[in-house]
Amino acid sequence: MPLVIHDETVYNEKKKCDEEVRCLSKRMERIYQYIVDLENEFSSVEKVTVTTAEIAEALHIQRSNVSKDLNQLVRDGRLLKLEGRPVGYTLAATIHNVQGKYVPSYKETKQPREKRKPQRVTQLLSARDIFSRIIGMNGSMKNAGEQAKAAILYPPRGLNCLITGPTGSGKIFFAHAMFQFAKTNQVIAQEKEMIVFNCADYANNPELLMSHLFGYAKGAFTGADTEKLGVIDQADGSMLFLDEIHRLPPEGQEMIFYFMDHGSYSRLGETGKNHFADVRIVGATTEDPNSALLDTFVRRIPINIQMPSFEKRPANEKLDLVKVMVSHEASRIQRTISLTEDVVKALIGSVSFGNIGQLKSNVQLVCARGFLNHMHQSQIDISLDDVPEGIRSGLIMLANKREILMELSHSLEPKIVIQPNEDILNIQSDSYELPYNLYDIIGDKAALLKADGVDQEAINHFISTDINVHLKSFYKDHGFSFHADNKLSEFVDQKIIELTNRIYTMVRNRLNYDFQQNFVYAMSLHISSFLKKIQLGETRHTNDNIREMVADYPEEFKVAQEIRQFIGESFHVAIPESEEYYLAVLLVSLICCAVPSPEAQIAKIPRGKCG
């Protein structure tokens, strides 16, 4: 009998507890429904905020209970908590209501409900939906944008996702847009930063990978004198962007998907999973996830966002991309930039394998050349004469694509004029942003050469070569530079490329440097250019100043003399001696981007004056 009484007591206690839970749940739903009703009351084009005091007064619920329920609704992802005094709450944005909403000010929330009027804040709204300002969001990027919003806003903590697409298609840029969208919609706190981690840097060392991702404990290995936090700690409450995620070894993928499942991890040198973090993970890869990643890893990433290649984008989007990129350059130099129709076509046609990243490189190169040629003018008017030969060949490439030409003809004007500081999308710089101001470099070098008495033609040649080498070397580091001769052969004769490869071997042996791949690119273009000038009967002259500049590099000049003779013999053409100085300048520029060969490092050969 006592056992029966005990069972009955437990049953009654459980029944009482369940009833309390139901009451609490019912109270929370009343509060949530009250906010929904207000939203509906003020029509589908307004977004309202409410305060704890307002709800407590309207529903006759104790204020402390209202506050508790509101915070739970925020944790559940159903409401957003807005900063300010008093604290305001609003319905969490969804894919359907994120656009076209208006947020009342906090002063308005204190007014009686019947007197409150919505505050129309168009600028805030464009920030809340940054995707609406990305080119192609109503076209080739529409599906990607919807997927990204769903991944960010999905309650309660969003969804991990993978961004796939070819090199240079804008994966990093898109990840920054996702992060900005999360912050402006109060999903991630304003003070947080997106943490970027390139998996390729540690692809062959799982232990080093783990120490960077999760940190390590004191004494984990020799030299670990203090505890070190990893990028997971840095990304707590924020977003972690894993670039080149396909380079993660299987062990690394297992580490990541365990953390995805449990939110817990251990540092290198620890035994238990005693650390926790709330991290949204966004990966990026150029590979097919199903072949480059473990099946168990892919299954834990529910959203795969596919970025389109530049080739698959419609003509109007390609044109808009050119305008936005030129606008960035106009703002850099605070000058109006104009481009002729042929320049725009050449830029669009010049993109063959690097996608948007390559287009950005080409736009910067064209604008830099235009700046050099029109430096002392208030407006930079760029014509086909200012476009480097390699990019100019884009006109020929585009001529074979009649469908794109027809599309462009509907929206392309004879001249495009871009003003500085136009309203363009402004997201944190992506990895294709130059780490220096190219226009300052051009101006400084031009002034220096002018002071030395160098004529304008020689100045333009020197700086043009330098611009080309700087940009092509920089973009090579981003994976879509000039690795394949077949890309170069689109605008340089194959015989010249073959000759340049032999020159590369000769120069490497003479000067003991391992040049980057851009050596073949820069030297091929240079040779192609001056051979055409010789065919047209044009020659370049040097002066004492140029000779004095080259005099500081006797070894390079000696090799340049050999190159001139080698080219002349190969093509059975007389090359003027003046060309030796230009070849020497090009070699010096290329050496500044090179590293000593293994043989030179062993022999401890100094790098020279390039630094």
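The residues of the chain are indexed from 1 along the displayed sequence. What's counted below: heavy atoms across the whole structure, side chains too, no hydrogens, waters or symmetry copies.
Judged as a salt bridge (charged side-chain N to carboxylate O under 4.0 Å, His left out), and not counting sequence neighbours, the contacts of R313 are E317.
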Side-chain atoms of residues 292-301: list all donor-acceptor pairs with protein atoms under 3.5 Å, sequence neighbours left out, distances to 0.1 Å.
from : atom 1 : to   : atom 2 : distance (Å)
R300 : NE     : D261 : OD1    : 3.1
R300 : NE     : D261 : OD2    : 2.7
R300 : NH1    : T296 : O      : 2.5
R300 : NH2    : D261 : OD2    : 2.9

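Of all non-hydrogen atoms in L405 and A399, the two that sit nearest each other are CD1-CA, 3.8 Å. Between A177 and I134, the shortest heavy-atom contact is CB-CD1, 3.6 Å. When all heavy atoms of L209 and P249 are compared, the pair lying nearest together is CD2-CD, 4.0 Å. Scanning all heavy atoms of the two residues, the minimum distance from C367 to I337 falls at SG-CD1, 4.2 Å. Nearest heavy-atom pair, T286 versus P166, reported as atom, atom and distance to 0.1 Å: CG2-C, 4.2 Å. Nearest heavy-atom pair across M178 and C161 is CE-SG, 3.5 Å.
Between the side chain of N185 and the backbone N or O of V187 there is no donor-acceptor pair closer than 3.5 Å. Of the possible polar contacts, one joining the Q190 side chain to the K183 backbone as a donor-acceptor pair under 3.5 Å is found. The closest donor-acceptor contact from the side chain of S350 to the backbone of L347 lies under 3.5 Å. R392 contributes a side-chain N or O that, together with a main-chain N or O of V387, makes up a donor-acceptor pair within less than 3.5 Å. Q253 contributes a side-chain N or O that, together with a main-chain N or O of L248, makes up a donor-acceptor pair within less than 3.5 Å. Panel note: side chain D278, backbone D236; no donor-acceptor pair is recorded below 3.5 Å. Put simply, the side chain of N71 never gets that close to the backbone of K68: no donor and acceptor are under 3.5 Å apart.
One finds no salt bridge joining K171 and D243 here, because no Lys/Arg side-chain nitrogen approaches an Asp/Glu carboxylate oxygen to under 4.0 Å. Using a 4.0 Å cut-off between a side-chain N of Lys or Arg and a carboxylate O of Asp or Glu, E311 and K401 qualify as a salt bridge. Checked for salt-bridge contact, K142 and E146 miss the test: no charged N lies under 4.0 Å from a carboxylate O.
For I396, the CD1 atom sits in a loose shell: 12 or fewer heavy atoms of surrounding residues, nucleotides or ligands are nearer than 6.0 Å. Within a 6.0 Å radius of OH in Y32, more than 12 heavy atoms belonging to other residues, nucleotides or ligands are found. No more than 12 heavy atoms of other residues, nucleotides or ligands sit less than 6.0 Å from atom CD of E193. By the neighbour-count criterion of 12 heavy atoms within 6.0 Å, atom CD of E57 is sparsely surrounded, having that number or fewer from other residues, nucleotides or ligands.
Inter-residue side-chain proximity for H212 and V231 is flagged as unmet; no heavy-atom pair is nearer than 4.5 Å. The side-chain heavy atoms of V196 and M194, taken from C-beta on, include a pair separated by under 4.5 Å. By the 4.5 Å heavy-atom criterion applied to side chains, M406 and E403 are not counted as neighbours. With contacts defined as side-chain heavy-atom distances shorter than 4.5 Å, the pair I281/M239 does not qualify. Residues T184 and I130 have side chains not in contact (no heavy-atom distance under 4.5 Å, counting atoms from C-beta outward). Using a 4.5 Å heavy-atom threshold, the side chains of S238 and F179 count as touching. Side-chain contact check for I305 versus F174: some heavy-atom pair is nearer than 4.5 Å. Within the 4.5 Å cutoff, the side chain of E413 has no heavy atoms near those of the E341 side chain.
Side-chain contact of T164 with N304: a donor-acceptor pair under 3.5 Å is present, judged by distance alone. When only modelled atom types and interatomic distance are considered, S169 and N355 share no side-chain donor-acceptor pair under 3.5 Å.
For the atom pair M307 CE and S140 OG, the distance stands at 8.5 Å (nearest 0.5 Å). To the nearest 0.5 Å, atom NE2 of residue H328 and atom NZ of residue K360 are 6.0 Å apart. Atom CD1 of residue I418 and atom OG of residue S338 lie 9.5 Å apart, to the nearest 0.5 angstrom. Note that CD1 of I61 and CZ of R27 are 6.5 Å apart. Values are rounded to the nearest 0.5 Å. Of the inter-residue distances, the one linking E407 atom CD with L319 atom CG reads 11.5 Å to the nearest 0.5 angstrom. A distance of 10.0 Å separates CD1 in I256 from CG in N160, rounded to the nearest 0.5 Å.
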Determine, stepwise, if the pair V282 / L240 fulfils side-chain contact (heavy atoms from CB on, under 4.5 Å). CA-CA 6 Å; V282 176; L240 173 61; over 6 Å; no
Evaluate L70 against S67 for side-chain contact (heavy atoms from CB on, under 4.5 Å), listing each step before the verdict. CA-CA 5 Å; L70 287 171; S67 178; 5.8 Å; no
Derivation and outcome, side-chain contact (heavy atoms from CB on, under 4.5 Å), residues T90 and L79: CA-CA 6 Å; T90 186; L79 295 182; over 6 Å; no
Evaluate the salt bridge (Lys or Arg N to Asp or Glu O under 4.0 Å) criterion for residues E287 and R247: first the C-alpha distance (whole Å), next the side-chain angles of each, then the deciding distance (0.1 Å), finally the verdict. CA-CA 10 Å; E287 307 296 322; R247 300 290 299 276; over 6 Å; no
Run the side-chain contact (heavy atoms from CB on, under 4.5 Å) test on S266 and M210 for me, step by step, so that the C-alpha distance in whole Å, both residues' side-chain angles and the decisive distance to 0.1 Å come before the verdict. CA-CA 9 Å; S266 60; M210 182 177 178; 4.2 Å; yes
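Ring-plane geometry between F181 and F131 is classed as tilted, the angle between the planes lying from 30 to 60 degrees on a 0 to 90 degree scale.
Screening residues 229-257 for ring-ring contact (aromatic ring centres under 6.0 Å, His included), with sequence neighbours left out, gives no hits.
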